[in-house]
Amino acid sequence: MAEHPTHRGRIRPAPENFLSEADIAAVKEGRRDFLRKALATASAAVAAPGLARAAEGDPNILTLPPWTTSLGQAVAARPYGLPSQYEKGLQRRESPGLTRMPQVSVAFTPLQGLFGIITPSGLHFERHHQGWSDIDPSRHRLMVHGTDEGFVKQPKVYTMDDILRLPPVSRMHFIECGANTGMEWGNVAVPTVQYSHGMLSCSEFTGVPLRVILEDCGVDWKRAKYVLAEGADGSSMTRSIPIELVQSDEVLVAYGQNGEMLRPENGYPLRLVVPGVQGVSWVKWLRRIEVGDKPWATKDEAIHYIDLMPDGRHRQYTSTQECKSVITTPSGGQLLLDKGFYNISGLAWSGRGKIKRVDVSTDGGINWRPARIEGPVLSKCLTRFNIDWVWDGKPAILQSRAVDDTGYVQPAYGHLRAVRGTKSIYHNNAIQSWKVVESGEVSNVQVL
Amino acid sequence: MSRFSKTTLAAALAIGLAGAAAGALADGKYSGVGRAATPAEIRAWDIDVRPDFKGLRPGSGSVAQGEEVWEAKCASCHGSFGESNEVHTPLIGGTTKDDIKTGRVASLAKGDAPQRSAIMKVATVSTLFDYINRAMPLTNPKSLTNDEVYGLVAYLLNQAEVLPADFTLTDKNIAEAQARMPNRNGMRTDHGMWPGASAAKGGIGNGGKPDVKNTACMSNCKTEVKIASLLPVYAEAAHGNIAEQNRPVGPVRGKDTSGKVAAPAAAAPLSENAAASKLAADNGCMACHGTASKIVGPGYNEVAAKYKGQADAESKLVAKLKAGGQGVWGAIPMPPQTQLKDEEAHRLVKWILSGAKAQ
């Protein structure tokens, strides 16, 4: 610790065995609670036999570990693979108190620990309106018909056998709940990026363009203005989708997710994919498509998923997820181990197209630097950005600001609140701020 | 909803299901894929109702009939008057007679309502009918008859003082109810977040024009940084131990918010108490019952105390669980839990009688 006397006791990188008794004592005197707790592990390690040889080097090198000196496990010991036991911290979680019932609730993706742009299927966020079921695919049907007989020439029923026979496409897209970051409209409410931004996931989806299926039924494109998508769950969730997104070939009737079938929690065996649009329109367990000429004002577009404006009216049919970004590491609830080099990493996305650039500030938005955009950069898909940062141990406020290919610049809280107030719940795409203090602790703050 | 002409219907019936299944649509590009939907199939699934009442099936229900169904099937979660905030946010409350005149819920603009009830928000009566019909009751959706749904909508609108107590709602007069909806003029669509055609082109919204404008300033963008909000201390601890929600290696660690030096919990099979507690949560029991307090139904501590020392308590309560009940703890009935297997019902009751411990 001698090399950083002003930062003694900052949590040190492994091996903790190198901490001397004196260092630990010093830390215990002057540090805040959380650091003391973190160091309890280190104290235990000091008492271990490794200490005797610490002067010679790292006991993890000098004493070979069991995995290097024994026979490992057999192939297919776990026929469906699982993450390492050491990764169990990264799980979907509910935000306590957010919802009243676990069947009508949300579980958030642990963005704080993910890399690249693809969300592992088991960590894809969950939002159910009446619980989820594991549907027998041999009993699942997709029905397509019109509000009257003029909209499609031949109403049809497709089995999963039928759907899987049609020519598929595979595309990578983000899905974000319209209420993502909704708890933060008025003030900071949650500690980590999992809870502030974790109703966000990104997958490669495989399926059939809905256009292909509607044409197979003989749709009248001149009369068709909207489609209603309906799920097979208890809620039989319904949303109105504009026909233009179907005609552009973007809307998919999907069964594949990241190379395998959809997970039950994400709509197995069939869901709608509506790129750029909030997750509620990506109807899961899709059982019915109705073609019509007027929107339906369903419960989730007339009571929920409506945005309260300061004039007391609600914006209805808000669907597009506007350009947004967030730094996922370092982020709220994390501790920087020491001063020095860090890679600031985050995600950017836009429901209107591709990410053009992302700028990062470490001084709360006074000065900005362009981040490196990692490929691939795809339309209506998560885009990973990275930027070098050398932390000098002083307080900092980290922010990211994305720009999409329409030229739209992600707004600050001040911009959004001036127009929309603080009670709209949905569509909060404000610039996120993470405050770093001398101890290395990162926390959620809001900067106007 | 589809409305087939008599000839189409007759033709479809003549072909029949078997014919349709085997027939396929030989002229399509994807020959052999899919089959014609029968009118009966479409009628079975096409239950949606639009704001202009397209799709509404004829029927009727009075406020009084609705009240009866409400008390039996809805009040346990939503309260006797739709006002309850215990299990879900309130359905009714926060609207005035003046709102019914203007079609705008005034408290939404004033911002003085503690929360928004469903009736404060919804502009279209069709939404209430459609949603109740497709999704309620939560544990037994699509079990209501068409007339029961009319009655329930009538009862709810009576609670909101939209309809008089002697009203019978029908497909013929539902437009009258629409004309009195308190927030019927409360929606706006002049925004840039509809991805289809704009209102000018027969669709919705302004064609995608954003409502805020930031600029990509790069240096000296402001003179001071004002922090408007910080994380409340209670919110940090409320989300569990963040140290356990991060990876154990890498440039950062999660902050220890456990309030104690945490020993990692050993992965053990669920104890009997934990298993029963999970069963209660999975079946939605905990929405209405607390383990140590009353919510809508009695707390499990109260149930255990009441039946203490009774030899037949277990069998009595298992029967109540499966059949539902009313009157012992008040007027609000508990819906029958028919989904429970015998073994599960016994496990739950044993757990409740033994103190409903989490572990």
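Since this is a predicted model, take the numbers as computed values, not measurements. Numbered from 1 within each chain, the chains take letters A, B, ... in sequence-line order.
Side chain of K226(B) to backbone of L448(A): no donor-acceptor contact under 3.5 angstrom is found. A donor-acceptor pair is defined here as one N or O able to donate and one able to accept, closer than 3.5 Å; such a pair exists between the side chain of R401(A) and the backbone of C217(B). For the pair R35(B) (side chain) and V157(A) (backbone), a donor-acceptor distance under 3.5 Å is absent. Q130(A) places a side-chain N or O within donor-acceptor distance of the main-chain N or O of A135(B), the cut-off being under 3.5 Å. Proximity of a side-chain donor or acceptor of K156(A) to a complementary backbone N or O of A37(B) within less than 3.5 Å is not detected. E244(A) places a side-chain N or O within donor-acceptor distance of the main-chain N or O of A197(B), the cut-off being under 3.5 Å. Between the Q112(A) side chain and the Q245(B) main chain, a donor and an acceptor come within less than 3.5 Å of each other.
A salt bridge does not link D190(B) to R315(A): none of the charged side-chain nitrogens sits closer than 4.0 Å to a carboxylate oxygen. The existence of a salt bridge linking D311(A) and R188(B) is confirmed by a sub-4.0 Å separation between a basic side-chain nitrogen and an acidic carboxylate oxygen. Contact check on D130(B) versus K299(A) returns no salt bridge, with no Lys/Arg side-chain nitrogen under 4.0 Å from an Asp/Glu carboxylate oxygen.
No side-chain donor from either of K255(B) and S443(A) sits under 3.5 Å from a side-chain acceptor of the other. In this model, a donor atom of one side chain and an acceptor atom of the other lie less than 3.5 Å apart for S95(A) and H239(B). There is no side-chain donor-acceptor pair under 3.5 Å between H191(B) and R420(A).
Residue T159(A) does not touch chain B at all, counting heavy-atom pairs closer than 4.5 Å. Interface remark: N183(B) contributes side-chain atoms only to the contact with chain A (heavy atom separation under 4.5 Å). Looking at I431(A), the atoms closer than 4.5 Å to chain B (heavy atoms on both sides) all sit in the side chain, from C-beta outward. Of the two parts of S219(B), the backbone and the side chain both hold a non-hydrogen atom closer than 4.5 Å to a non-hydrogen atom of chain A. Heavy atoms of L108(B) lying under 4.5 Å from chain A belong to its backbone as well as its side chain. Using a 4.5 Å cut-off between heavy atoms, V104(A) touches chain B through its side chain atoms alone. Proximity to chain B (any heavy atom under 4.5 Å) is shown, for Y317(A), by both the backbone and the side chain. With a 4.5 angstrom heavy-atom cutoff, R287(A) touches chain B via backbone and side-chain atoms both. Proximity to chain B (any heavy atom under 4.5 Å) is shown, for D161(A), by neither the backbone nor the side chain. With a threshold of 4.5 angstrom between heavy atoms, R93(A) approaches chain B through side-chain atoms but not through N, CA, C or O. Using a 4.5 Å cut-off between heavy atoms, L228(A) touches chain B through its side chain atoms alone. With a threshold of 4.5 angstrom between heavy atoms, T215(B) approaches chain A through N, CA, C or O but not through any side-chain atom. Residue contact with chain A, scored on non-hydrogen atoms closer than 4.5 Å, involves the backbone of K213(B) exclusively. For a residue to count as touching a neighbouring chain, one of its non-hydrogen atoms must lie under 4.5 Å from one of that chain's; by this rule L128(B) touches chain A with the side chain only. For K423(A), the parts sitting under 4.5 Å from any heavy atom of chain B are the backbone and the side chain alike. Heavy atoms closer than 4.5 Å to chain A are found in both the backbone and the side chain of N85(B). Heavy atoms of L245(A) lying under 4.5 Å from chain B belong exclusively to its side chain. There is no contact between P110(A) and chain B, counting heavy-atom distances below 4.5 Å. Only the side chain of V277(A) comes within contact range of chain B, judged by heavy atoms closer than 4.5 Å. In this structure, no portion of N343(A) lies under 4.5 Å from any heavy atom of chain B. With a 4.5 angstrom heavy-atom cutoff, A302(A) touches chain B via backbone and side-chain atoms both.
Taking each heavy atom of G234(A) and P141(B) in turn, the nearest pair found is O-CB, 3.3 Å. Among all heavy-atom pairs drawn from Y158(A) and G34(B), the shortest one is CD2-CA, 3.8 Å.
Taken to the nearest 0.5 Å, the CE atom of M187(B) stands 12.0 Å off from the CE atom of M309(A). Atoms CG and CD1, from N220(B) and I366(A) in turn, are 8.0 Å apart once rounded to the nearest 0.5 Å. Between atom CD of residue E301(A) and atom OG1 of residue T127(B) there is a gap of 8.0 Å, rounded to the nearest 0.5 Å. Atom OH of residue Y131(B) and atom NE2 of residue H304(A) lie 6.5 Å apart, to the nearest 0.5 angstrom.
E86(B) places none of its side-chain heavy atoms less than 4.5 Å from the side chain of R100(A). R134(B) places none of its side-chain heavy atoms less than 4.5 Å from the side chain of T298(A). Side-chain contact between P295(A) and I204(B) is present, with heavy atoms from C-beta onward closer than 4.5 Å. Proximity of V447(A) to K222(B): side-chain heavy atoms (C-beta onward) are separated by under 4.5 Å at one or more points. No side-chain heavy atom of D216(A) sits less than 4.5 Å from a side-chain heavy atom of K29(B). For the pair H145(A) and W45(B), the minimum side-chain heavy-atom distance is 4.5 Å or more. Counting only heavy atoms from C-beta outward, the side chains of N367(A) and M218(B) never approach each other to under 4.5 Å. Counting only heavy atoms from C-beta outward, the side chains of V212(B) and V419(A) approach each other to under 4.5 Å.
Ring-plane geometry between W194(B) and Y226(A) is classed as tilted, the angle between the planes lying from 30 to 60 degrees on a 0 to 90 degree scale.
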Check your understanding: Is there a side chain to side chain donor-acceptor pair (under 3.5 Å) between Q410(A) and N214(B) once you walk through the steps?
Key -> CA-CA 7 Å; Q410(A) 183 184 1; N214(B) 194 3; over 6 Å; no
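Between chain A and the residues I227(B), V249(B), T139(B), the most heavy-atom pairs under 4.5 angstrom are made by I227(B).
By the neighbour-count criterion of 12 heavy atoms within 6.0 Å, atom NZ of K121(B) is densely surrounded, having more than that number from other residues, nucleotides or ligands. The environment of F341(A) atom CZ is dense: over 12 non-hydrogen atoms of other residues, nucleotides or ligands sit within 6.0 angstrom. The local environment of NZ in K209(B) is sparse, with at most 12 non-hydrogen atoms from other residues, nucleotides or ligands closer than 6.0 Å.
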